[in-house]
Amino acid sequence: MKNPEAQQDVSVSQGIRIMFYMMKPNETSFRTLEEVPDYVKKATPFFISLMLLELAVSWIRKGKPPGRVDDSLTSMSAGILSRLPRLFSRSIELTSYVYIWENYRLIGLPWDSPWTWYLTFLAVDFGYYWFHRMAHEVNIMWAGHQTHHSSEDYNLSTALRQSVFQVYTSWIFYSPLALFIPPSVYAVHLQFNLLYQFWIHTEVIGNLGPLELILNTPSHHRVHHGRNRYCIDKNYAGTLIIWDRIFGTFEAESEKVVYGLTHPINTFEPFKVQFHYLIYIWTTFWATPGFFNKFSVIFKGPGWSPGKPRLGLSEDIPEVTGKEVPFSSLASQLIKIYAVVQFALLLAFYEDTFADKAALSQVTLLLRVCFILLTLTSIGLLLDQRPKAALVETLRCLVFLTLWRFGHLKPFIPSLSLAFEIFFSICTAFWGVRSIKQLASGPWK
């Protein structure tokens with residue numbers, strides 16, 4: 001067992017190995033759940049580093065970035081939203097697991113045994129396969145998972161496009177492990193399984209030869225993210241592709257993959273990205289006659305409708321021509337640069353909030369979360385060029401200045417405190433004037 005104090009920092013070597021599931025049992029075995037590091041939080045610098053590396057490789061090879069600013073900002077916004085509940089409570093994937101372990105476990109495998117470690121690696125990956133498969137085959141679960149598939153780009157930022165409420169169904173598929181695997185071991189592999197899937201969201205890595213037979217790779221996962229007919233409901237693997245090969249859901253990459261949902265949502269607003277499909281289910285539920293048909297709207301596949309098979313008909317999936325044009329923001333380059341700057345500042349405040357959450361009051365924590373939500377909403381509105389975007393951004397800047405003045409937000413670089421205040425004061429004035437002009441002349445275009 002490692003001393004928990006020694007686990008506060010992750011070396012560069014460990015960080016890289018964490019991202020590729022290459023840590024050893026003796027490095028990552030802990031007696032209690034409280035000792036397990038938050039590897040996902042500690043991986044943030046490595047997320048950024050790998051994204052910059054992907055950008056450099058793509059620019060050298062293709063002469064262009066691997067994605068678009070608007071799409072990448074939306075993906076990272078979804079990642080932030082998905083993590084915010086962790087500020088207030090432990091994940092349901094852990095709380096439910098601990099409850100089952102403490103009340104219903106059959107046996108307790110030794111937490112410090114390499115055999116327990118490797119068994120948990122296989123068990124968590126197996127559980128993920130079935131969760132992931134059901135998230136595509138059960139409509140109410142797809143309502144959460146569709147967020148991850150809504151990007152029309154495929155790069156490392158896409159990996160961060162996570163659902164807010166997907167976690168409220170995924171725990172079911174891991175709960176049997178609590179009958180015999182200690183929570184501390186499970187918590188390690190739950191994180192490693194997620195982190196491994198980051199690097200496979202890229203187009204800069206091609207075929208990996210013999211590794212393609214065993215591991216989930218960028219090639220396999222590109223198929224999973226495709227909306228081509230041959231890609232639908234294929235390659236659900238987390239770390240090992242063997243589950244797809246065993247259960248008949250494997251498909252090799254062949255024709256060029258076109259990414260995104262079969263019916264693109266055409267928005268960068270974070271809450272629409274997260275919740276639009278729930279609204280669709282709600283309206284479909286009430287519009288569909290018959291109790292059993294209503295039940296099927298919720299629990300059968302996304303492609304189901306009365307008279308069709310459980311998962312729908314493949315011919316109902318729109319054909320891909322190869323000429324599809326991804327939805328892009330019509331905002332000016334200056335607006336996009338502004339959005340990037342504001343997102344970068346938000347990311348710094350977000351990281352600072354997680355780092356200091358134990359020392360922050362509940363009021364400050366709640367106010368910071370509200371500011372984060374308002375910022376992500378405003379950035380989405382700016383990118384979508386919604387009529388009320390200028391007004392919302394004015395309000396957001398005023399909220400920032402208020403929270404700053406009352407100490408609920410603090411400068412992560414103290415010497416720049418005055419500069420931040422001046423910058424946001426200028427932003428408030430600029431967007432305020434723009435809002436007034438818009439109200440006087442009609443919607444902003």
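Positions are given from 1 along the sequence.
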Inset, instruction - May I have the step-by-step check of side chain to side chain contact (heavy atoms under 4.5 Å, CB included) for Thr28 and Phe192, ending in yes or no? - result: CA-CA 10 Å; Thr28 55; Phe192 286 177; 3.7 Å; yes
Inset, instruction - Say whether Thr249 and Tyr129, considering side chains only, have a donor N or O and an acceptor N or O under 3.5 Å apart. - result: yes
Inset, instruction - Mind jotting down which residue pairs meet the salt bridge (Lys or Arg N to Asp or Glu O under 4.0 Å) criterion with at least one end in residues 394-409? Sequence neighbours excluded, please. - result: Glu393-Arg396, Arg405-Glu421
Legend entry - Residues, nucleotides or ligands: over 12 heavy atoms within 6.0 Å of Leu52 CG: yes
Inset, instruction - Quick one: list whatever passes side chain to side chain contact (heavy atoms under 4.5 Å, CB included) with Glu93, sequence neighbours left out. - result: Ser91, Val167, Ser170, Trp171, Tyr174, Tyr186, Leu190
Inset, instruction - Check the pair Gln166, Phe131 against side chain to side chain contact (heavy atoms under 4.5 Å, CB included), reporting the backbone distance first and the verdict last. - result: CA-CA 10 Å; Gln166 178 175 282; Phe131 152 68; 3.3 Å; yes
Legend entry - Residues Lys410, Asp356: salt bridge by 4.0 Å N-O rule: yes
Legend entry - Lys294: side chain to side chain donor-acceptor pair (under 3.5 Å) partners, not counting sequence neighbours: none
Inset, instruction - Could you label the plane-to-plane angle of the Trp130 and Phe126 rings as parallel, tilted or perpendicular, counting under 30° as parallel and over 60° as perpendicular? - result: perpendicular
Inset, instruction - Look only at the side chain of Ser75 and the backbone of Arg161, and say whether a donor-acceptor pair between them is shorter than 3.5 Å. - result: no
Inset, instruction - Name all residues meeting the side chain to side chain contact (heavy atoms under 4.5 Å, CB included) criterion together with Val340; count only those two or more places apart in sequence or in a different chain, and write none if there are none. - result: Val69, Leu73
Inset, instruction - State, without any angle test, whether Ser151 and Asp71 hold a side-chain donor-acceptor pair at a distance under 3.5 Å. - result: yes
Legend entry - Residue pairs involving residues 311-345 (criterion ring pair (Phe, Tyr, Trp, His ring centres under 6.0 Å); sequence neighbours excluded): Phe268-Phe327, Tyr338-Trp431
Inset, instruction - Verify, without hydrogens or angle tests, whether Tyr168 (side chain) and Gly144 (backbone) share a donor-acceptor contact under 3.5 angstrom. - result: no
Legend entry - Side-chain (Asn235) to main-chain (Glu251) donor-acceptor, under 3.5 angstrom: yes
For residues 313-321, which side-chain N or O atoms pair as donor and acceptor with protein atoms under 3.5 Å away, sequence neighbours left out?
unit_1	atom_1	unit_2	atom_2	d
Asp316	OD2	Lys308	NZ	2.6
Thr321	OG1	Lys323	N	3.1
Thr321	OG1	Glu324	OE2	3.2

Inset, instruction - Measure up the His221 and His148 rings against each other and bin them: parallel (under 30°), tilted (30 to 60°), perpendicular (over 60°). - result: tilted
Legend entry - Check: Met76 main-chain N/O paired with Ser157 side-chain donor or acceptor under 3.5 Å: no
Legend entry - Pair Phe420 + Trp404: ring centers closer than 6.0 Å: yes
Legend entry - salt bridge (charged side-chain N to carboxylate O under 4.0 Å, His left out) partners for Glu253, two or more places apart: Arg222
Legend entry - Residue pair Leu409 / Phe349, side-chain heavy-atom distance below 4.5 Å: yes
Inset, instruction - Kindly check if the number of other-residue, nucleotide or ligand heavy atoms within 6.0 Å of CZ (Phe20) is above 12? - result: yes
Inset, instruction - Taking the six-membered ring for Trp and the full ring for Phe, Tyr or His, determine whether the centres of Phe247 and Tyr236 are under 6.0 Å apart. - result: no
Legend entry - With sequence neighbours excluded, residues passing side chain to side chain contact (heavy atoms under 4.5 Å, CB included) with Tyr196: Tyr21, Trp199, Ile200, Leu215, Asn216, Thr239
Legend entry - All side chain to side chain contact (heavy atoms under 4.5 Å, CB included) counterparts of Ser58, not counting sequence neighbours: Lys62, Pro66, Val204
Legend entry - ring-ring contact (aromatic ring centres under 6.0 Å, His included) partners for Phe285, two or more places apart: none
Inset, instruction - Keeping the roles fixed (side chain from His220, backbone from Glu212), state whether a donor-acceptor pair exists under 3.5 Å. - result: yes
Inset, instruction - Enumerate the residue pairs fulfilling salt bridge (Lys or Arg N to Asp or Glu O under 4.0 Å) with a member in residues 328-345, sequence neighbours excluded, ordered by first and then second residue. - result: none
Inset, instruction - Drop me the distance from Cys370's SG to His408's NE2, to the nearest 0.5 angstrom. - result: 11.5 Å
Inset, instruction - Keeping to residues at least two apart or across chains, list the salt bridge (Lys or Arg N to Asp or Glu O under 4.0 Å) pairs with something in residues 130-151. - result: Arg133-Glu137, Glu137-Arg310
Inset, instruction - Using the side chain to side chain contact (heavy atoms under 4.5 Å, CB included) rule, take Arg386 and Thr267 through it: C-alpha gap first, then chi angles, then the decisive distance, then the call. - result: CA-CA 10 Å; Arg386 299 297 183 189; Thr267 184; 3.8 Å; yes
Inset, instruction - Any chance you could measure Arg83, atom CZ, to Thr353, atom OG1, to the nearest 0.5 Å? - result: 13.0 Å
Inset, instruction - Could you grab the distance from atom CG of Leu345 to atom CZ of Phe424, nearest 0.5 Å is fine? - result: 5.5 Å
Legend entry - Sub-4.5 Å side-chain heavy-atom contact between Val138 and Thr169: no
Inset, instruction - Could you check whether the rings of His224 and His145 sit parallel, tilted or perpendicular, using 30° and 60° as the cut-offs? - result: tilted
Inset, instruction - Check the pair Phe121, Tyr118 against ring pair (Phe, Tyr, Trp, His ring centres under 6.0 Å), reporting the backbone distance first and the verdict last. - result: CA-CA 5 Å; Phe121 158 65; Tyr118 288 114; 7.4 Å; no
Legend entry - Ring geometry between Phe275 and Phe165 (parallel below 30°, tilted from 30 to 60°, perpendicular above 60°): parallel
Inset, instruction - Examine distances only and state if a side-chain atom of Asn293 and a backbone atom of Pro306 form a donor-acceptor pair shorter than 3.5 Å. - result: no
Inset, instruction - Mind checking the CD-CG spacing from Glu269 to Leu382? Nearest 0.5 Å is all I need. - result: 10.5 Å
Inset, instruction - May I ask you to decide if the ring planes of His136 and Trp142 are parallel, tilted or perpendicular, using 30° and 60° as cut-offs? - result: tilted
Inset, instruction - Please answer whether the main-chain N or O of Ser163 pairs with a side-chain N or O of Thr147 as donor and acceptor at a distance below 3.5 Å. - result: no
Legend entry - Exam field: side chain Asn155 to backbone Glu203, donor-acceptor pair closer than 3.5 Å: no
Inset, instruction - Indicate whether any N or O donor in one side chain lies under 3.5 Å from an N or O acceptor in the other, for Asn139 and Trp304. - result: no
Legend entry - Value rounded to 0.5 Å, distance of NE2 in His149 from OH in Tyr277: 12.5 Å
Legend entry - Leu376 backbone acceptor or donor facing Gln342 side chain under 3.5 Å: no
Inset, instruction - Go through the steps to decide whether Val392 and Leu374 satisfy the test side chain to side chain contact (heavy atoms under 4.5 Å, CB included), and finish with yes or no. - result: CA-CA 8 Å; Val392 172; Leu374 182 58; 4.1 Å; yes
Legend entry - CG on Leu261 to CZ on Arg227, rounded to 0.5 Å: 8.5 Å
Inset, instruction - Measure from the side-chain N and O atoms of Arg434 to the backbone N and O of Thr394, and report whether any donor-acceptor pair falls under 3.5 Å. - result: no
Inset, instruction - Decide if atom CZ of Phe354 counts as having more than 12 heavy atoms of other residues, nucleotides or ligands within a radius under 6.0 Å. - result: yes
